[in-house]
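Below is one structure, written out as structure tokens, with a few remarks after it.
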Amino acid sequence: MITAKGITKSFDGCLRMNGVDCEFGTGMTNLIIGKSGSGKTVMLKSLVGLYEVDSGEIMYDGRCLQKMNKYERKELHKEIGMLFQGSALFDSLTVEENVRFPLDMFTNDTYKQRSERAHFCLQRVNLDASCYKLYPTQISGGMQKRVAIARAIALNPKYLFCDEPNSGLDPVTSAVIDDLIAEITKENGITTIINTHDMNSVMTLGEHIVFIDNGVKCWEGTRDEILTAQNERLELFLAPAKRARFGN
Amino acid sequence: MTVIVDLFVRREIGKVVYRMLITNWIEQLGKYFHFLGMAFSKPDKWRISGRRLLTELDTLGVGSLGIVSIISLFVGAVMTIQSALNLDNPFIPKYMCAYVAREAILLEFSATIVCLILAGKVGSNIASEIGTMRITEQIDALDIMGVNSVSYLAAPKIMAMVIGVPILVMYSIGIAMIGGWLSGIMTGLLSTEDFVQGIHFSFKPFYIIYSLIKATFFGFFISSIAAYCGYYAKGSSLEVGRASTRAVVASSITILTFNVLITQIL
Ligand SMILES: Nc1ncnc2c1ncn2[C@@H]1O[C@H](COP(=O)(O)OP(=O)(O)O)[C@@H](O)[C@H]1O
Ligand SMILES: [Mg+2]
């Protein structure tokens, strides 16, 4: 479980996150939703410690991120898998090497064991063996996302963070990626936090949803409650999706 | 009265500008040393850093052989021809031309000028590679895995340049000598005997060591400044270009400044 208490973050004097409190449960898919520029990425990067928050605390199963020293933080980071908006695969490594990278860095397994684990992860995300030796620029965006998921789960993380996992993908591929994240979360009991502005993802993954607008948490609930929620700002955000679904 | 106010205001403005420039400079310097500290902290896996060192020696060192060869060959040739034409005096023995060219190549050209060229070629390469990794979140990906990204990315490049540049400089000296000899015999200005005699004339082996010391320092500056500029790039792809320009300018200025200092000291 990850708990955030009153986290605030500003850039160059501009407040981008203002006193956000929330709790993300273990073994479920937690969503952070909001329109573009509302501060979802800032929130995610603050939660993992890529940005230092100005105030507030973040607890990982009772361990406070702000009180950790460099080494404790490093240990925590080994328990975290993260999927970036642009996949962030290493250009100079092949698909297989990308997935093996965290294993090469942090395990003392033999080459054979590491390769096997990398292949297992790549198969888990349904990637064809023919592209293991290709470089990230030679495969499609959807495949890159899958490689990034495989890399994120290589070390069996306890926490998984996904920044807009299906941005730039077609609806079919998006659904595949969403399902994959949900399955992996359930299988391994991971605490998963996903950023999205896509309503299809909200309806498939939204076991727990936090809606933020302009750096402030405005609403919190589940996918069953979201469509009937009485919240002005949330309704504004949902209006286009509702129109598309139910007409008018 | 107005003059006094005016002066006062200007002095204040001057102070503010001065303070901003100086504090910014000191801040950058502090950040640079902090970066170096991180780069030379213990790597996560020695084996992986070692393998990266070999790759970097290949791309940065071996990859620069071409440009160093061409430039050294031509500059060696031009220096010999120039000194031959300018020392056209019956009282000055012919071999002096080769001697003058040798001194210039050994003392300044092969270390300083070759390093300035490497600052352009290798420096921009390092800064844009690391800068691209920064803006495409690859560095964030390393950090979030718990990898020491500075040590993983920068240390092998810095080591490769510290080892590689002195070798390149030695190589450049050799090629420039060949260029000088070829130009001498091809233009008929110098015979092979004159040239060989000039090369041996009053030769101080320390000059080679002097060149190598300079080269080691310059290799360190080029790679560490470029890696620093790339690592702290932020924003869009435009910023990658700016970071590599900054890297080239900053390392060239550092090389030129240090050249004066080292020449004074040694
Ligand atoms: N590193 C940064 N420096 C300055 N401003 C930033 C930085 N990161 C994000 N911001 C600002 O914070 C706001 C929220 O951005 P972001 O979290 O990326 O939005 P999104 O919800 O689309 O992911 C934006 O207005 C952006 O300009
Ligand atoms: Mg974002």
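We name chains A, B, ... by the order of the sequence lines, and we start the count at 1 in each one. Atom set for the values below is all heavy atoms of this structure, side chains included, hydrogens, waters and symmetry mates excluded.
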Is atom [atom1] of [X] surrounded by more than 12 heavy atoms (other residues, nucleotides or ligands) closer than 6.0 Å?
X: B/Asp44; atom1: CG; answer: yes
X: A/Phe24; atom1: CZ; answer: yes
X: A/Met1; atom1: CE; answer: no
X: A/Phe11; atom1: CZ; answer: yes
X: A/Lys35; atom1: NZ; answer: no

Show the atom names and distances, to 0.1 Å, of all donor-acceptor pairs under 3.5 Å that link a side chain in residues 113-125 of chain B to residues at least two apart or in another chain.
{"unit_1": "B/Lys121", "atom_1": "NZ", "unit_2": "B/Gly63", "atom_2": "O", "d": "3.4"}
{"unit_1": "B/Ser124", "atom_1": "OG", "unit_2": "B/Gly120", "atom_2": "O", "d": "2.6"}
{"unit_1": "B/Ser124", "atom_1": "OG", "unit_2": "B/Lys121", "atom_2": "O", "d": "3.3"}

Nearest heavy atoms of [X] and [Y], plus distance in Å:
X: B/Glu137; Y: A/Gln85; answer: OE1-N, 3.7 Å
X: B/Ala141; Y: A/Ala88; answer: CB-O, 4.1 Å
X: B/Gln138; Y: A/Leu89; answer: CD-O, 3.3 Å
X: A/Asp104; Y: B/Lys45; answer: O-NZ, 3.2 Å

For [X], is it the side chain, the backbone, both, or neither that has a heavy atom closer than 4.5 Å to a heavy atom of chain B?
X: A/Leu50; result: side chain
X: A/Leu83; result: neither
X: A/Lys45; result: side chain

Counting only heavy atoms closer than 4.5 Å, note whether B/Ile48 contacts chain A via side chain, backbone, both or neither. side chain

Find the one option among A/Lys78, A/Met105, A/Glu75, A/Arg73 whose heavy-atom pairs under 4.5 Å with chain B are most numerous. A/Met105

Anything in residues 135-164 of chain A with a heavy-atom distance to chain B below 4.5 Å? Please list those residues in order. A/Arg151

Separation between [atom1] of [X] and [atom2] of [Y], rounded to the nearest 0.5 Å:
X: B/Leu142; Y: A/Phe90; atom1: CG; atom2: CZ; value: 4.0 Å
X: A/Met82; Y: B/Asp140; atom1: CE; atom2: CG; value: 7.5 Å
X: B/Met145; Y: A/Lys74; atom1: CE; atom2: NZ; value: 12.5 Å

Between A/Phe84 and B/Thr136, does the side-chain contact (heavy atoms from CB on, under 4.5 Å) criterion hold? Intermediate values first, please. CA-CA 9 Å; A/Phe84 288 88; B/Thr136 55; over 6 Å; no

Would you say the side-chain atoms of A/His77 pair up with the backbone N or O of B/Val147, donor to acceptor, closer than 3.5 Å? no

